[in-house]
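Here is the structure we will look at.
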2 protein chains.
Amino acid sequence: MAGRRSDTRERIQQVALDLFVEQGYEKTSLREIAERLEVTKAALYYHFRTKEDIVRSLFEDIAGAVDEVLAWAEEQGDQLNREDLVRRLSQLVQGRFVPIWRFVQENQNALKELHVSNPLMSRMQAMMKLLCPAGADADTQLRTRLALVALIMGHNPEVLPDTSEKQRPEVALRVALELVSPRGREVEPST
Amino acid sequence: MAGRRSDTRERIQQVALDLFVEQGYEKTSLREIAERLEVTKAALYYHFRTKEDIVRSLFEDIAGAVDEVLAWAEEQGDQLNREDLVRRLSQLVQGRFVPIWRFVQENQNALKELHVSNPLMSRMQAMMKLLCPAGADADTQLRTRLALVALIMGHNPEVLPDTSEKQRPEVALRVALELVSPRGREVEPST
DNA sequence: GTCTATATAATGATAGAC
DNA sequence: GTCTATCATTATATAGAC
């Protein structure tokens, strides 16, 4: 990557994320992070100005990946296929980003203040807009939201205990796809 | 109700829950709760031994209501209609319990340690078992889980901003029902 | 049942040496 | 780039008066 210098910054991000997911954002102190890394708190403060800054850096990392999907989607314009978008999102919540999504989902309230003008959440809102047909009814809005939840929750071994790690993303994607375009209900009078 | 003495205990529960939902469990200090009630911290400690105890009391309250549904469901035995169960659950997440469910959903990680042997969560697990056909495939497991999420998330004005408070529970119920028994997929070969 | 006063420990953060 | 030492603040919790 850019220049060679100790990888402390990345290690901090990694350990912090691990602990945030394990025990929650607020319960995780900088002391704990420092201890697990066998450095001192002051070392952390060299790389990050505040605790929130660590989270922000985590979000910026992933936000770039979301941007790519977002750019692709906007490029499609009117011809955007929502199922394809979901498929791309499914890729996005896999791999190295899994813990981050879980962190976001399980610490909503702790991150609430951070959410204001946070690079990840504003992008996810844009994503919702794209997934949700303009002027969609409430049922569709809720289903769309649940599709995103499905993608994230599907990765959680506690949610699908009998399913292998390999299969979980497939399950999640299937259910998410159903939610964005359910069978037997394309055009419907409702109520 | 039982005996007449100052309603401080209930007021603590109410204010605490409000603050927990507003700003999160960890971010809410006992000082804050006390200040909003215009009492001292020591007063809180008279009614509750610890901060966690306040949460526990909140959970015990709601757990009783869940028990009634659970008892009804077990009474049905084999003839349990899952859609009816969802309908009863829908009732359960309405009314005075709305903020508690939201609190649980948005503070999962903060409550993680409390979750061990916590009266509410163990009951919700039992509920999942009832809702999920024995030996159900992973897709069904995930859908069932999402149905519960739908019931809770549907109440959140931030999730359904254009929908009236009166209509939100109806939307949530509809989507939840779809998830536990989706159309056009009753018996299916799969993979 | 509510108070004042306090104990104790941990937190996020900073200053400045090396 | 990492350290020691320390800061101010806040937290949960307790003892004991009223």
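Owing to the predicted nature of the structure, the values given are computational and were not obtained by experimental measurement. Numbered from 1 within each chain, the chains take letters A, B, ... in sequence-line order.
Nearest heavy-atom pair, A/Asp53 versus A/Arg49, reported as atom, atom and distance to 0.1 Å: OD2-N, 3.9 Å. Here the closest heavy-atom approach between residue A/Leu142 and residue B/Leu160 is recorded as N-CD2, 4.0 Å. Scanning all heavy atoms of the two residues, the minimum distance from A/Ala110 to B/Lys27 falls at O-NZ, 3.3 Å.
Atom OH in B/Tyr45 sits roughly 7 Å away from atom P in D/dT14 (whole-Å rounding). Rounded to whole Å, atom C1' of C/dT14 lies 13 Å from atom CG of A/Leu30. We find that CZ of A/Arg31 is positioned 15 Å from P of C/dA13, with the value rounded to whole Å. Distance CD (B/Glu35) to C1' (D/dT12): 15 Å, rounded to an integer number of Å. Following rounding to the nearest Å, B/Ile54 (CD1) and D/dT12 (C1') show an atom-to-atom distance of 11 Å.
Using a 30° and 60° split on the angle between ring planes, A/Phe103 and A/Phe59 fall in the tilted class, from 30° to 60°.
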Kindly determine whether A/Glu60 and A/Arg56 satisfy salt bridge (Lys or Arg N to Asp or Glu O under 4.0 Å), including the steps that lead there. CA-CA 6 Å; A/Glu60 273 160 24; A/Arg56 237 187 299 271; 5.7 Å; no
Side chain to side chain contact (heavy atoms under 4.5 Å, CB included) for B/Gln141 and A/Val171? Distances and angles first, verdict last. CA-CA 10 Å; B/Gln141 282 177 39; A/Val171 174; over 6 Å; no
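The residue among A/Arg49 and A/Glu32 whose nearest nucleotide of DNA chain C is located toward the 5' end is A/Glu32.
B/Leu17 and B/Leu92 fall within the same hydrophobic cluster, where Ile, Leu, Val, Met, Phe, Trp and Tyr residues are linked whenever their side-chain heavy atoms come under 4.5 Å apart, directly or through other members.
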Base, backbone or nothing for each nucleotide of nucleotides 2-7 of chain D, written B, S, -, heavy atoms under 4.0 angstrom, 5' to 3'? BBB---
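Taking side-chain N and O atoms only, A/Ser29 has a distance below 4.0 Å to OP1 or OP2 of C/dT11.
By the 4.0 Å N-to-carboxylate-O rule, A/Glu22 lies close enough to A/Arg36 to be salt-bridged with it.
Sorted by residue number, the list of members of residues 11-27 of chain A with any non-hydrogen atom under 4.0 Å from DNA chain C is empty.
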